[in-house]
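Heads up, the thing below is written out as structure tokens.
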2 protein chains.
Amino acid sequence: MEKPKEKPEGGASDAALRDFVGYNMKRAFNVLQADLARTLEPFGLRMLTFSALSMIVENPGLRPSQLAEALSVERANVVVYVDQLEEAGWVTRAPSETDRRAYALQCTLAGRQVYEKARAAVRAHDRRMLDGLREVEIAAVKKALMRIEGRG
Amino acid sequence: MEKPKEKPEGGASDAALRDFVGYNMKRAFNVLQADLARTLEPFGLRMLTFSALSMIVENPGLRPSQLAEALSVERANVVVYVDQLEEAGWVTRAPSETDRRAYALQCTLAGRQVYEKARAAVRAHDRRMLDGLREVEIAAVKKALMRIEGRG
DNA sequence: CTTGGATAGTTATGTAGCATAACTAAAGGG
DNA sequence: CCCTTTAGTTATGCTACATAACTATCCAAG
């Protein structure tokens with residue numbers, strides 16, 4: 001009977017997993033997500049409410065189903081995001097003039113203001129995350145991420 | 001009273017969000033994660049049980065707390081992953097010889113075998129995700145991901 | 001015009017990933 | 001020997017996200 005060897009201390013290496021992009025991406029995304037959540041928290045926004053607000057500011061009159069499609073989330077969840085943005089007074093559900101089932105999402109003045117401030121904070125967060133990388137590398141990363149996304 | 005304009009169709013653009021690495025990363029990660037889950041499912045593995053199995057194969061005698069530390073997950077959740085690996089007969093909890101509170105995690109022959117097969121599948125998945133990217137771009141991505149992870 | 005199937009938004013509900021708190025047993029230092 | 005810390009576990013809660021079912025409305029074929 002052979003003694004089961006024990007890993008003494010400190011030596012636990014994830015080198016084998018580091019070979020995989022997915023592993024590195026999950027770890028990096030966890031860090032990024034946590035930092036972004038902290039960045040948005042003072043504004044009363046979360047990742048997805050910020051994304052939704054951005055879409056509504058940049059695409060006035062957007063309908064919830066278009067928002068769901070654009071963000072690749074379910075319509076059922078969009079309801080929750082818009083509820084929150086509406087309760088905060090940043091977004092209104094205006095009745096659509098062409099389809100009585102639908103709403104035209106509009107942002108309010110307050111909504112545009114909080115968006116601009118949050119956007120600046122998110123931009124700073126982005127720079128923080130990528131600090132030390134050259135422009136050409138950042139471009140490569142974005143290209144690669146969009147390539148990966150296209151594999152879905 | 002001004003008519004609220006409506007976004008007619010198709011025009012919903014997330015261009016503003018595309019400026020942010022976090023947004024691109026979330027989308028890419030969602031796609032990657034889904035593909036990886038499909039890749040691992042035939043082996044009865046999930047992302048984290050695969051990671052745990054890899055760590056145990058590559059670091060025989062690893063203790064659960066070391067595993068938690070290495071994967072940046074809570075000890076409480078490691079219990080669940082090891083439970084699953086143990087139920088499948090791929091990992092054993094051998095009593096530690098130096099600390100009666102602890103276990104030395106060992107993988108079985110079956111564990112090593114399923115790991116090798118799953119690892120090959122994950123490698124193929126990785127290549128699939130990065131197909132079409134040049135080496136220099138892949139290197140940029142890995143560098144950027146590890147840089148981001150280091151910001152946490 | 002009407003009628004049947006699709007679509008928009010909503011509601012309720014389930015699941016999975018991950019974190020926290022509290023517990024037991026054992027280690028380890030004064 | 002205490003007293004504190006640590007290893008593993010258990011119970012529990014939260015958040016993100018998906019699914020199913022429902023109502024109201026649209027739209028196109030008959």
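Values reported hereafter were calculated over all heavy atoms of this structure, with side chains retained and with hydrogens, waters and symmetry mates removed. Numbers restart at 1 for each chain; the letters A, B, ... are given by sequence-line order, proteins then strands.
By the 4.0 Å N-to-carboxylate-O rule, B/Glu149 lies close enough to A/Arg18 to be salt-bridged with it. By the 4.0 Å N-to-carboxylate-O rule, A/Arg38 lies close enough to A/Asp35 to be salt-bridged with it.
Residues A/Leu48 and A/Val73 share a closest heavy-atom pair of CD2-CG1, 4.1 Å.
Looking at the side chain of B/Ser65, the nearest of the listed nucleotides D/dT9, D/dA7, C/dT10 is D/dA7. Here D/dT5 is the nucleotide among D/dT5, D/dT9, C/dA8 with the atom lying nearest to any side-chain atom of B/Arg101.
Counting to the nearest Å, the C1' atom of D/dC17 and the CE atom of A/Met47 are 14 Å from each other. Distance, A/Asp99 CG to D/dA24 C1': 10 Å, rounded to whole Å. Remark: P of C/dA19 and CD of B/Glu69 are 13 Å apart, rounded to the nearest angstrom. Whole-Å rounding puts the B/Leu40 CG to C/dG17 P distance at 12 Å. Rounded to whole angstrom, the span from the CD atom of B/Gln84 across to the C1' atom of C/dG17 amounts to 12 Å. At whole-Å resolution of the value, CG in A/Leu71 and P in D/dA16 are 14 Å apart. Between A/Leu105 atom CG and C/dG9 atom P there is a gap of 8 Å when expressed in whole angstrom units. Distance, B/Leu67 CG to D/dA7 C1': 13 Å, rounded to whole Å.
B/Lys26 has a side-chain polar atom (N or O) that falls below the 4.0 Å cut-off from OP1 or OP2 of D/dC17. Using a 4.0 Å cut-off, some side-chain N or O of A/Arg46 falls inside it from OP1 or OP2 of D/dA16. Using a 4.0 Å cut-off, some side-chain N or O of A/Tyr81 falls inside it from OP1 or OP2 of D/dC17. Taking only side-chain nitrogens and oxygens, A/Asn77 never comes nearer than 4.0 Å to OP1 or OP2 of D/dA16.
Where A/Arg100 and A/Glu74 each meet DNA chain D at their nearest nucleotide, the meeting point lying more 5' is that of A/Glu74. With DNA chain D read from its 5' end, the first of the two nearest nucleotides for A/Ala76 and A/Gln33 is the one closest to A/Gln33.
One distance of note links CD of A/Glu87 with CG of A/Leu85; it measures 9.5 Å at 0.5 Å rounding. Put simply, SG on B/Cys107 and CD on B/Glu58 are 9.5 Å apart, with the number rounded to the nearest 0.5 Å.
Judged by distance alone, with hydrogens and angles left aside, B/Arg75 brings a side-chain donor or acceptor within reach of the base of D/dG8, the pair sitting under 3.5 Å.
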